Protein chains: 2
Amino acid sequence: MKLSTRSRYGARLMVDLALHYNQGPVQLSEISKRQDISVKYLEQILIPLKKAGYVVTVRGPKGGYMLADPPEEITMAQIVELLEGRRNLVACMANPEICSRSDVCITKNLWEELTEMIYEKLESITLADLAEKARRKDENRKEME
Amino acid sequence: MKLSTRSRYGARLMVDLALHYNQGPVQLSEISKRQDISVKYLEQILIPLKKAGYVVTVRGPKGGYMLADPPEEITMAQIVELLEGRRNLVACMANPEICSRSDVCITKNLWEELTEMIYEKLESITLADLAEKARRKDENRKEME
DNA sequence: ATATAGTATACTTAAATAGTATAGATTAAT
DNA sequence: ATTAATCTATACTATTTAAGTATACTATAT
């Protein structure tokens with residue numbers, strides 16, 4: 001039960017885009033510097049995000065990436081589900097046939113409940129929430145100086 | 001974000017032991033048959049469980065494994081934490097030094113909250129709860145026939 | 001004694017993860 | 001038109017982790 005690097009980086013990437021929403025395309029080279037993630041890896045992560053329609057791109061010089069929708073409308077559940085490549089803690093949830101005891105399994109019930117709880121939480125958190133927190137944290141930091 | 005087979009099997013194994021609590025040592029060959037998990041793999045999983053003091057063993061003929069404590073006193077949080085080998089969704093929670101932005105990271109906060117929520121839930125569920133559910137499910141199944 | 005069970009350690013295989021490399025397609029700016 | 005900045009597509013590689021097996025013990029009830 002560990003979050004993949006893809007999800008972690010993807011989350012930071014998307015919050016970065018949220019912080020620059022409505023400011024034109026953001027270049028990967030900038031995000032790479034700010035987030036300390038290689039451009040090449042960011043490109044990898046952006047493929048599914050683009051396919052899912054969460055980001056749009058502008059090609060050519062001065063091009064870059066932008067959120068496809070307002071930050072209020074993109075939840076962490078969408079990002080995590082997409083980048084983890086599944087919405088379950090346990091494979092038998094999606095494919096009951098892989099385990100002969102799926103129908104009687106007590107522990108499967110528990111993993112299902114847990115998964116549901118996790119995604120309920122993630123659905124309640126939007127990119128706008130995280131961007132807001134990031135802005136506040138940054139202000140606090142400046143005041144401290 | 002996926003539960004390891006070790007945790008899944010470990011959970012089933014411990015519920016199996018809970019269902020036979022106070023009935024003397026349970027042999028791996030029996031558990032292996034009931035749960036359809038190889039004896040060798042069960043042995044692997046039992047090493048940490050024994051080290052942690054959650055099970056005790058009786059060696060020799062008629063030997064086997066038993067819960068060290070009543071099922072009411074063993075929670076799923078203990079089992080999952082032990083068998084996953086960590087109590088965090090994200091390595092920077094345990095080792096902030098691996099990421100330079102640990103102190104400003106907004107997403108880290110989120111992963112911490114999520115982890116806390118998950119383990120709160122797992123702490124609320126004991127082996128007794130699951131054994132009880134298993135007994136009920138089994139009765140229902142019999143009535144259906 | 002002996003067979004039954006757990007113990008310890010090490011090995012093997014397969015899959016997933018995390019990333020890099022290379023070559024190409026678009027397009028704004030000149 | 002050319003160029004340089006950017007994204008795109010595909011494929012490769014190395015590392016780690018997961019999952020499971022094998023071999024050789026040790027303890028003990030009968």
Side-chain angles (χ1 to χ4, degrees), chain A residues 1-13 17 24-33 35-52 54-68 80 82-86 88-92 98-99, chain B residues 1-13 17 20 24-33 35-52 54-68 80 82-86 89-92 98-99:
Chain A
M1 205 166 18
K2 177 174 70 167
L3 206 67
S4 71
T5 303
R6 276 164 67 89
S7 293
R8 289 192 296 112
Y9 287 5
R12 278 162 54 194
L13 160 63
L17 288 181
V26 183
Q27 282 132 41
L28 284 192
S29 55
E30 296 174 32
I31 301 178
S32 172
K33 248 182 280 173
Q35 302 295 333
D36 197 22
I37 304 170
S38 87
V39 169
K40 284 294 170 203
Y41 203 19
L42 285 174
E43 283 169 350
Q44 282 288 333
I45 296 170
L46 278 157
I47 294 170
L49 288 168
K50 202 196 160 188
K51 255 190 206 156
Y54 302 160
V55 301
V56 292
T57 58
V58 177
R59 299 184 71 162
K62 305 266 167 149
Y65 291 86
M66 298 180 289
L67 292 186
V80 170
L82 182 72
L83 295 178
E84 291 294 309
R86 64 179 78 87
N88 52 59
L89 236 35
V90 132
C92 58
I98 63 174
C99 178
Chain B
M1 204 163 24
K2 175 175 70 169
L3 207 67
S4 71
T5 303
R6 276 164 68 89
S7 293
R8 289 191 296 113
Y9 286 4
R12 278 162 53 192
L13 159 65
L17 289 180
H20 297 86
V26 183
Q27 282 133 41
L28 285 193
S29 56
E30 295 175 32
I31 301 178
S32 171
K33 247 181 283 172
Q35 301 296 331
D36 197 21
I37 303 171
S38 87
V39 168
K40 285 293 168 201
Y41 203 19
L42 285 173
E43 283 170 350
Q44 282 288 332
I45 295 170
L46 278 156
I47 294 170
L49 287 168
K50 201 196 162 190
K51 257 191 204 153
Y54 301 159
V55 302
V56 292
T57 59
V58 177
R59 299 182 69 158
K62 306 265 167 155
Y65 292 86
M66 298 180 287
L67 292 187
V80 171
L82 182 72
L83 295 178
E84 292 293 310
R86 65 179 76 87
L89 235 36
V90 132
C92 58
I98 62 172
C99 178

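Chain A is the first sequence line, chain B the second, and so forth, proteins listed ahead of strands; every chain is numbered from 1. Just so you know, these numbers use all the heavy atoms, side chains as well, and skip hydrogens, waters and symmetry mates. Predicted model only: the values in this text are computed from it and were never measured.
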Inset, instruction - Within residues 2-11 of chain A, find the residues that approach DNA chain C with a heavy atom at under 4.0 Å, and present them sorted by residue number. - result: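 Those residues are A/Ser4, A/Thr5, A/Arg6, A/Tyr9.
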Between [N] ([atom2]) and [X] ([atom1]): distance, integer Å:
{"X": "A/Met1", "N": "D/dA18", "atom1": "CE", "atom2": "C1'", "answer": "16 Å"}
{"X": "B/Leu46", "N": "C/dG6", "atom1": "CG", "atom2": "P", "answer": "9 Å"}
{"X": "A/Leu42", "N": "D/dT8", "atom1": "CG", "atom2": "C1'", "answer": "14 Å"}
{"X": "A/Lys50", "N": "D/dC7", "atom1": "NZ", "atom2": "P", "answer": "11 Å"}
{"X": "A/Leu28", "N": "D/dA5", "atom1": "CG", "atom2": "C1'", "answer": "12 Å"}
{"X": "B/Leu49", "N": "C/dG6", "atom1": "CG", "atom2": "C1'", "answer": "15 Å"}

Inset, instruction - Assign B/Val39 to base, sugar-phosphate, or nothing according to its heavy-atom contacts below 4.0 angstrom with the strands shown. - result: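 Here B/Val39 touches no strand at all.
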Inset, instruction - Could you check whether A/Ser38 gets within reach of a base, just the sugar-phosphate, or nothing at all, counting any heavy atom under 4.0 Å? - result: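 Here A/Ser38 touches the backbone only, sparing every base.
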Legend entry - Spacing of CG belonging to A/Leu49 relative to OG1 belonging to A/Thr57, to within rounding of 0.5 Å: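 Going from the CG atom of A/Leu49 to the OG1 atom of A/Thr57 covers 12.0 Å.
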Legend entry - Side-chain N or O of A/Tyr41 closer than 4.0 Å to phosphate OP1/OP2 of C/dA21: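 No.
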Pairs: protein N or O with nucleotides 26-30 of chain C N or O, under 3.5 Å:
from   : atom 1 : to      : atom 2 : distance (Å)
C/dT26 : O4'    : A/Arg59 : NE     : 3.3

Inset, instruction - State which of C/dT17, D/dA24, C/dT9 makes the closest approach to the side chain of A/Arg86. - result: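 Closest of the options to the side chain of A/Arg86: C/dT17.
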